[in-house]
Number of protein chains: 2
Amino acid sequence: MKKKRATITDIAEELGVSPSTVSRALNDHPAISKKTKKAVLKLARQRNYQPNLLALNLLKKRTNTIGVIVPEITSHFFSSVINGIQDLVKPFGVNMIIGQSNESYEEEKSIVQTFASIRVDGFLISPSSETKKYDHLESLIQNNIPLVIFDRDCEGIDIDKVFVDEYNGAFQAVEYLIQSGCKRIAHIAGSQTLSTARHRLRAYKDALEKHSIPFNADYVVQTDGFSPEYGIEPTRRLLSLQTPPDAIFTINDGVAIGAMYVIKDAGIKIPEEISIIGFDDDPHSTYFKPSLSTVWQPTYEMGMLAARILMKRINTNNDLSKIRVESLFPELIVRGSSM
Amino acid sequence: MKKKRATITDIAEELGVSPSTVSRALNDHPAISKKTKKAVLKLARQRNYQPNLLALNLLKKRTNTIGVIVPEITSHFFSSVINGIQDLVKPFGVNMIIGQSNESYEEEKSIVQTFASIRVDGFLISPSSETKKYDHLESLIQNNIPLVIFDRDCEGIDIDKVFVDEYNGAFQAVEYLIQSGCKRIAHIAGSQTLSTARHRLRAYKDALEKHSIPFNADYVVQTDGFSPEYGIEPTRRLLSLQTPPDAIFTINDGVAIGAMYVIKDAGIKIPEEISIIGFDDDPHSTYFKPSLSTVWQPTYEMGMLAARILMKRINTNNDLSKIRVESLFPELIVRGSSM
DNA sequence: GAAATTAGCGAAAGCGTTGGAAAAATGCAA
DNA sequence: TTGCATTTTTCCAACGCTTTCGCTAATTTC
């Protein structure tokens, strides 16, 4: 009843040969006769032999597994990055295990720890918004475990990184708003611990400056999450200003959706009275009325690229000296929520 | 430069004791003197010793890893189930690896294969819509590898299963539409290979019958995906009928969002002229205008329960004879898209 | 026909860890 | 000091696999 899975030794015994012979037969080793090879392969198929990867990994000191750590998988953004990673890594026969930090430094650290003890071959990490100390990452580097950072930067740590040029995307968005005639452009910014949010805010300011629009601190509100509810309060605040904005550029689509909800509730017309541009191109964004203008990010490609760099590191024993920092280009998608 | 990770043997040598002593010291074995224990622990910390789980797993024939296979992770539905699984499993010190079948039988099969050769301790599977043969699952059962099916049923295979009572949820939704005065209720149904879609269709029919509303085949349109674009065509078809429906119950929120888009485009008022009810309670649903009525499913709980059952199987060596089939209850959430 | 080469296979070590059994070291009473 | 019990440590096997080395027997070469 309790069927044991066949091992190489089982097959060897049954065939009256040594385990090494069986191993060689299964691995197409040249020093083996056609006859024994055929016999071994036949019995192996019959017994449904599957090599024990644990034993192999122990021997080879390689697990063919990479660890991917993201703040959350529920968002379309990260699940799409994960898809990219998955698709790149699969042809290599590599699996991935996913960890969710829930934007917590402690959780992130503990996941790194766990994955390291599982002996993953490498890491792909997008740090949590809380992560300010990088000791856990440094320790990977010191142990010579390949690591690629993506999407969110860890400044001051020298390692392969893959980003989207958020600055460029945000700049495009704000400049578009200016060129479409908006004068009072607000920004619902994200947590400033995130490099991505910082870049977007910076781009916002720079775009205003380029077009000689004075910066008004009242028009920048910060929010700490990415879902629609985080857009509610900030938008209310903006609408209650003496001279409310005529455009809002939000940290992402989720927040933009919250913003649109509040604005429509207040009976204000989008885009006639207020233009909105989000970020991320969430798949739902098209289906709102009006449909949401946004900045598309090559998330899938980012996953692929990060994974490709990691695989290279792993396969070259991590001793390529040159560190790669890559930037991918986002794209403004104008839809109904902006003029 | 190329720092090797310290092994138990390294520590043993450096300390001039045997590896077993080190092992016991690290594991708090009673038969070890305070003095050596302290010395070992100190050096272990110094060398940043981390046990090699590979070796351990090989010995224990347990990987402390479970395999989770879902049709896709990008949907909020499944990522939320995954969260439930993750949260349950973590305190056990168990990791999970995630596979995406992309609704393909072949991919699903290949993932099962891969995960099995990694020697995961158990499986949590929500089968793809294409999966009609269960040979890959049977083979797990035969090899005595614990397996729990969730969300989507595989009829005829006798194993632990966790579902949401879709029938009940759909029935509630349709009955609500009837009671709110709708007479011509349509249903955009999902792929009938899916047990979930079948149950919803059945509930739709039964609810109509219960209230003596004749079934009209024109009012049932099938669609094969879950995102908004899959709602476009079916809705157009429904609207073009001689007597268009005054309510649409859709297979999920994604499709409902597509439907609302088409309906609003046609200048038809929701819910005055057409009521809409979706399924899944996608987090975006609240923020549409009108906000989408829907059937909430306990996805997180489903993940937890499925994982709990799996862990039990794993920890009892899979020889509990009683098979569990559990059903969780969904809940109708009435919002603005229905009267 | 002897020597050299080569094909085919087995024995054994090793990957890092655990745990039962045996051995060594220690403590204590006689 | 001896004997015995107890504590502490070492030895060894095991997990499943690969691979080096060495051996035998067959084949080739001169």
Side-chain angles (χ1 to χ4, degrees), chain A residues 2-41 43-44 47-65 93 116-121 143 145, chain B residues 2-41 43-44 47-65 93 116-121 143 317:
Chain A
K2 179 145 290 188
K3 246 200 228 168
K4 228 193 71 185
R5 272 138 116 182
T7 75
I8 235 170
T9 325
D10 296 339
I11 296 185
E13 269 173 18
E14 186 153 351
L15 240 47
V17 297
S18 80
S20 3
T21 305
V22 177
S23 167
R24 277 189 266 253
L26 293 169
N27 292 315
D28 247 357
H29 194 278
I32 201 90
S33 75
K34 287 229 186 320
K35 210 180 60 183
T36 37
K37 181 145 117 190
K38 219 158 88 184
V40 168
L41 289 179
L43 188 60
R47 290 273 171 287
N48 188 24
Y49 169 76
Q50 283 189 301
N52 186 328
L53 292 188
L54 287 165
L56 245 163
N57 291 340
L58 177 58
L59 202 60
K60 297 270 173 72
K61 296 168 176 305
R62 226 189 120 154
T63 53
N64 292 310
T65 301
S117 70
I118 295 182
R119 297 288 207 271
V120 294
D121 294 336
N143 282 316
I145 302 170
Chain B
K2 178 145 290 188
K3 244 200 230 168
K4 227 194 68 185
R5 273 140 114 181
T7 74
I8 235 170
T9 324
D10 296 339
I11 296 184
E13 267 172 19
E14 186 153 350
L15 242 46
V17 297
S18 81
S20 2
T21 305
V22 175
S23 165
R24 279 189 255 258
L26 292 169
N27 293 316
D28 247 359
H29 194 279
I32 205 89
S33 74
K34 286 228 185 327
K35 211 179 61 185
T36 37
K37 181 144 115 193
K38 219 156 89 182
V40 168
L41 289 179
L43 189 59
R47 289 272 171 287
N48 188 24
Y49 168 77
Q50 283 189 301
N52 186 328
L53 292 187
L54 287 166
L56 213 83
N57 291 341
L58 177 58
L59 200 61
K60 296 269 174 74
K61 297 167 174 306
R62 225 189 121 154
T63 53
N64 292 311
T65 301
S117 71
I118 296 182
R119 298 284 207 275
V120 295
D121 294 336
N143 282 316
N317 226 344

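The sequence lines fix the lettering, A, B, ..., with proteins before strands; numbering per chain opens at 1. Computed from a prediction, not measured in an experiment: that's the story for all the values here.
Whole-Å rounding puts the Asp28(B) CG to dG19(C) P distance at 13 Å. Between the C1' atom of dC15(C) and the CG atom of Leu56(A) lies a distance of 11 Å, rounded to the nearest Å. Rounded to whole angstrom, the span from the CG atom of Asn52(A) across to the C1' atom of dG16(C) amounts to 15 Å. A straight line from CZ of Arg119(A) to P of dC15(C) spans 13 Å, rounded to a whole angstrom. Distance CG (Leu58(B)) to P (dT18(C)): 12 Å, rounded to an integer number of Å. As a whole-Å value, the separation of Lys35(A) NZ from dG8(C) P is 11 Å. Atom CZ of Arg5(B) is separated from atom P of dT17(C) by 11 Å (rounded to the nearest Å). dG14(C) atom C1' lies 15 Å from atom CG of Leu54(B), rounded to whole Å.
If you walk DNA chain D from 5' to 3' and mark each nucleotide with an atom closer than 4.0 Å to a heavy atom of chain B, the marks span dT8(D) to dG16(D).
At a threshold of 4.5 Å between non-hydrogen side-chain atoms, the residues Thr65(B) and Ile118(B) do not count as touching. At a threshold of 4.5 Å between non-hydrogen side-chain atoms, the residues Ile8(A) and Tyr49(A) count as touching.
For the residue pair Ser18(A) and Thr21(A), a side-chain donor N or O sits within less than 3.5 Å of a side-chain acceptor on the partner.
Residue Ile8(A) is classed as a sugar-phosphate contact, given heavy-atom separations below 4.0 Å to backbone atoms only. Across all strands shown, Ile32(A) has heavy atoms under 4.0 Å from sugar-phosphate atoms exclusively, and none from any base. Heavy atoms of Asn27(A) sit under 4.0 angstrom from primed sugar atoms or phosphate atoms, though from no base atom. Residue Ser23(A) is in base contact, counting any heavy-atom pair closer than 4.0 Å across all strands shown. Heavy atoms of Ser20(A) sit under 4.0 angstrom from at least one base atom.
When the side-chain nitrogen and oxygen atoms of Ser33(A) are compared with OP1 and OP2 of dC9(C), one or more of them lie within a distance under 4.0 Å. Contact annotation: Thr36(A) reaches the phosphate of dC9(C) (side-chain N/O to OP1 or OP2, under 4.0 Å). For the OP1/OP2 pair of dG10(C) and a distance below 4.0 Å, the side-chain nitrogens and oxygens of Ser18(A) include at least one atom meeting the criterion.
The 5' end of DNA chain D is approached more closely, in terms of each residue's nearest nucleotide, by Lys34(B) than by the other of Lys34(B) and Leu53(A).
Between Asn57(B) atom CG and Arg119(B) atom CZ the span is 11.5 Å, to the nearest 0.5 Å. Between the CG atom of Leu58(B) and the CG atom of Leu54(B) there is a distance of 8.5 Å, given to the nearest 0.5 Å.
Between the side chain of Asn27(A) and the backbone N or O of His29(A) there is no donor-acceptor pair closer than 3.5 Å.
Of the listed nucleotides (dC15(C), dC9(C), dA21(C)), dC9(C) has the atom at the smallest distance from the side chain of Thr21(A).
The minimum heavy-atom distance linking Thr63(B) with Val120(B) is given by the pair OG1-CA, 3.6 Å. Counting all heavy atoms, side chain and backbone alike, Ala116(A) lies closest to Arg5(B) at O-NH2, 2.8 Å.
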